[in-house]
Amino acid sequence: MASQVLDMQLPYRWKTRAHQVPLWKYLAGGGTRAVEIAHRRWGKDDVSLAWTCCALHQRVGSYVHFLPEQEQARKAMWDMVDPHSGRRRIDVAFPKELRKSTNENEMMIEFLNGSTWQLAGSDNYNAMMGTSYCGMVFSEYALGNPSAWAYFSPILRENGGWAVFITTPRGHNHAEGLLKVAQQDPDWYWEVSTARDTDVFTEDELQAELRTLQGVHGETFGRAMWSQEYLCSFDAAIPGSIFGDTMDEMLTSGRIGLVPVDVRYPVHTGWDLGRSDDTVIWFYQVKEDAVPCFVDYHASNFKDIPFYADEVLEDMRKARGWKYGVHALPHDARPQTLAAGGKSMWQQFTDANKRLGGTLGKFTIAKRLDKQEQIQAARATLKVARIDKDRCADGVEALRAYQRVYDDEAKVFSLQPKHNWASHPADACMVVGISWKLLPAGKKVDDEDLPVVKATKFGQLKRRHLQQARAARNPY
């Protein structure tokens, strides 16, 4: 790819290896959507960075390179020193002679021609909202937040921008789903490149890697990791997955499928509340069979309580024709907040419900349990529940991706869950797990609409009796 800038030919001092040529030719030929599923050490990020440097000098605009987490982006890309050159990775990809400025805090480079490039975490994609990118790379996409692409996809489509997704597999999740989309669309480029399709490793080196992984992680899990990392297998479970086996069983038994809403029954919700992090809502019903049926799902961030009351709950009620039962909020909805005039989030929801005439049902706060008890409650719930595969697709992917932290010293997965984009959907599911059994199974909306007999005080009963007695003595 020849692009002359300051008498410098791009890509600068970098050449594609044989196995990288097909992807490079697609991008250089004007391709705009590419999925590269490739083994470890394939050079996925190197190709993407080199191409981005060319692209941003062909079209002035904003470009971004996402890794799953912001801190990972800094360690693995921004501060990483290239072992071959002894220079920072970003300095190899983007020579300093081409730059106007480098912002270390924001991990952003401004170039002399006016283009910008930024490194970011897809867990923090909301901070990038409002920017119209010309090109973006999703590195380790299988571990990233799929909501980032869902948000930016229409923006790139509108401005003719390009997107590259590079990753090794992490089970049957959104990365595999995107690969299947690419395989069905002639405008997309896709490739699955295993270590046996390239000359990066010899067979002896691959077997040595297998022995190493089995020595560290055990024979079965070590082979699964090896198959995933080097043979690009989607069948290996997500390491440390908390709900992965349960989700697989749900799919096999047909409990992840079409779950229609029955408006004769109230719709209940379970929440995880965030601000910069996602606020997540699971919508579900409990019918005569006493089984929770997840019928819808919502996730968003940087929103206030009125947004969730008016533009989520109330708008969904009107659009779907259902009535609400109980909204279970997490325990952190109880403390009062200065930003809301000393009112707790529970109080804010209650006030919004009064303003809307009580159409939102009832708001309560779920019982507070420790994290392991919450996880067990969610597992027990998922073992009997049904989930709508379309309306709850993002939530299902998050539950699959929810995993434990790996302890490098002990070489085992700890009990502590990893905090990432999947944490909030999982926490909201735990709130459902804690609260749904407290609801009356099979109670219909009509039952709730019957007149309520109010409790009568003794004084009222006495006055009523005396009035009736007087009326009997003097009926006229």
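Note that the structure is a prediction, hence the values are computed from the model and not measured.
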*Asks:* If you take all heavy atoms of Ala142 and Asn173, which pair is closest and at what distance?
*Replies:*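 Heavy-atom minimum between the residues: O-ND2, 2.9 Å.
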
*Asks:* Quick one: are the ring centres of Tyr141 and His174 less than 6.0 Å apart?
*Replies:*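 Ring-ring flag for Tyr141/His174: true, centres closer than 6.0 Å.
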
*Asks:* Begin with the C-alpha distance, continue with both residues' side-chain angles, and end with the deciding distance and a verdict on side chain to side chain donor-acceptor pair (under 3.5 Å) for Trp42 and Thr198.
*Replies:* CA-CA 8 Å; Trp42 190 91; Thr198 70; 5.6 Å; no

*Asks:* Between Val396 and Trp282, what is the shortest heavy-atom contact and its length?
*Replies:* N-CH2, 4.0 Å

*Asks:* What about Phe349 and Trp271, are their ring centers closer than 6.0 Å?
*Replies:*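 Under 6.0 Å, so yes.
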
*Asks:* Using side chain to side chain donor-acceptor pair (under 3.5 Å), reason through Glu288 and Tyr265 one step at a time and then give a plain yes or no.
*Replies:* CA-CA 10 Å; Glu288 280 92 347; Tyr265 298 89; 2.3 Å; yes

*Asks:* By the definition ring-ring contact (aromatic ring centres under 6.0 Å, His included), identify the one residue from Tyr26, Trp24, Trp14 that meets it with Trp51.
*Replies:*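 So, applying the ring-ring contact (aromatic ring centres under 6.0 Å, His included) to Trp51 and each of Tyr26, Trp24, Trp14, only Trp24 qualifies.
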
*Asks:* Start with the C-alpha gap between Glu36 and Lys44, add the side-chain angles, then the distance that decides, and say whether salt bridge (Lys or Arg N to Asp or Glu O under 4.0 Å) holds.
*Replies:* CA-CA 8 Å; Glu36 182 66 54; Lys44 300 183 288 295; over 6 Å; no

*Asks:* Testing Glu205, His39, Arg41, Glu209 one by one against Tyr230 for a side chain to side chain donor-acceptor pair (under 3.5 Å), which residue passes?
*Replies:* Glu209

*Asks:* Going by atom types alone, do Asn420 and Asp123 pair a side-chain donor with an acceptor below 3.5 Å?
*Replies:*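 There is no such pair between these side chains.
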
*Asks:* Would one find more than 12 heavy atoms of other residues, nucleotides or ligands at under 6.0 Å from atom CH2 of Trp346?
*Replies:* no

*Asks:* What about the rings of Trp149 and Tyr125, do their centers lie closer together than 6.0 Å?
*Replies:* no

*Asks:* Any salt bridge between Arg400 and Asp248, counting N to O under 4.0 Å?
*Replies:* yes

*Asks:* Consider only side-chain N and O atoms of Tyr308 and Ser300, and report whether a donor and an acceptor are under 3.5 Å apart.
*Replies:*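 Result is yes, a qualifying pair exists.
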
*Asks:* For the CD1 atom of Ile90 and the CE atom of Met77, what is their distance to the nearest 0.5 Å?
*Replies:*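 One finds 9.0 Å between CD1 of Ile90 and CE of Met77.
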
*Asks:* Give a yes or no on whether a salt bridge exists between Asp79 and Arg89, defined as a side-chain N under 4.0 angstrom from a carboxylate O.
*Replies:* no

*Asks:* May I ask you to decide if Gly240's main-chain N or O and Gln403's side chain share a donor-acceptor pair within less than 3.5 Å?
*Replies:*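 No: the side chain of Gln403 does not pair with the backbone of Gly240.
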
*Asks:* Between Ser101 and Arg99, do the side chains contain an N or O donor and an N or O acceptor separated by less than 3.5 Å?
*Replies:*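 Looking only at side-chain atoms, Arg99 and Ser101 do not form any donor-acceptor pair under 3.5 Å.
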
*Asks:* A cation-pi test, strictly: NZ or CZ of Arg88 under 6.0 Å from the centre of the six-membered ring of Trp78 and no more than 45 degrees from its axis. Yes or no?
*Replies:* yes

*Asks:* Does a donor on one side chain sit under 3.5 Å from an acceptor on the other, for Arg87 and Ser85?
*Replies:*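 No pair is found: no donor N or O on one side chain lies under 3.5 Å from an acceptor on the other.
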
*Asks:* Could you give me the CA-CA distance, side-chain angles and deciding distance for Arg196 and Thr194, then say whether side chain to side chain donor-acceptor pair (under 3.5 Å) is met?
*Replies:* CA-CA 5 Å; Arg196 290 191 170 126; Thr194 75; over 6 Å; no

*Asks:* For side-chain contact (heavy atoms from CB on, under 4.5 Å), just list the numbers for Asp427 and Val431, CA-CA rounded to whole Å, side-chain angles, deciding distance to a tenth of an Å, and then say yes or no.
*Replies:* CA-CA 6 Å; Asp427 286 345; Val431 170; 6.0 Å; no

*Asks:* Hey, does Glu176 have a side-chain heavy atom less than 4.5 Å from the side chain of Lys180?
*Replies:*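 Counting from C-beta outward, Lys180 and Glu176 do come under 4.5 Å.
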
*Asks:* If only atom types and distance count, is the side chain of Trp226 paired as donor or acceptor with the main-chain N or O of Leu206 below 3.5 Å?
*Replies:* yes

*Asks:* Enumerate the side-chain hydrogen bond (donor to acceptor under 3.5 Å, both in side chains) contacts for residues 372-387, please, sequence neighbours excluded, ordered by first and then second residue.
*Replies:* Asp245-Arg379, Asp289-Arg386, Thr381-Trp436

*Asks:* Can you see whether Asp45 engages Ser48 through a side-chain donor-acceptor pair at a distance of less than 3.5 angstrom?
*Replies:*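 No - no donor-acceptor pair under 3.5 Å links their side chains.
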
*Asks:* Is there a side-chain contact between Leu143 and Thr167 (heavy atoms, below 4.5 Å)?
*Replies:*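 Leu143 vs Thr167: side chains apart.
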
*Asks:* Which atom names give the shortest non-hydrogen contact between Tyr63 and Ser115, and what distance separates them?
*Replies:* CE1-OG, 4.2 Å

*Asks:* Which pair of non-hydrogen atoms, one from Asp332 and one from Pro335, has the smallest distance, and what is that distance?
*Replies:*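 Closest heavy-atom pair between Asp332 and Pro335: O-CD, 3.3 Å.
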
*Asks:* Please table the atom pairs, donor to acceptor, closer than 3.5 Å between any side-chain atom in residues 150-157 and protein atoms at least two apart or in another chain.
*Replies:*
none

*Asks:* For the residue pair Cys232 and Val192, what are the closest heavy atoms and their distance?
*Replies:* CB-CG1, 3.9 Å

*Asks:* Could you please spell out the steps behind the side chain to side chain donor-acceptor pair (under 3.5 Å) verdict for Ser62 and Thr116?
*Replies:* CA-CA 5 Å; Ser62 297; Thr116 63; 3.3 Å; yes

*Asks:* Surrounding CZ of Arg17 (heavy atoms of other residues, nucleotides or ligands, distance under 6.0 Å), is the total greater than 12?
*Replies:* yes

*Asks:* Taking all heavy atoms of Val295 and all of Pro260, pick out the closest pair and write down the distance.
*Replies:* CG1-O, 4.2 Å

*Asks:* So that I know where these two stand, are Phe111 and Phe94 an aromatic pair - ring centroids less than 6.0 Å apart?
*Replies:*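 When the ring centroids of Phe111 and Phe94 are compared, they turn out to be within the sub-6.0 Å range.
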
*Asks:* Are Lys418 and Glu69 ion-paired here, with the side-chain N under 4.0 Å from a carboxylate O?
*Replies:* yes

*Asks:* Quick one: do the Asp204 and Thr202 side chains pair a donor with an acceptor below 3.5 Å?
*Replies:*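 On atom types as modelled, these side chains do not qualify, holding no pair under 3.5 Å.
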
*Asks:* Give, for atom CZ of Arg211 and atom CD of Glu219, the distance between the pair rounded to the nearest 0.5 Å.
*Replies:* 13.0 Å

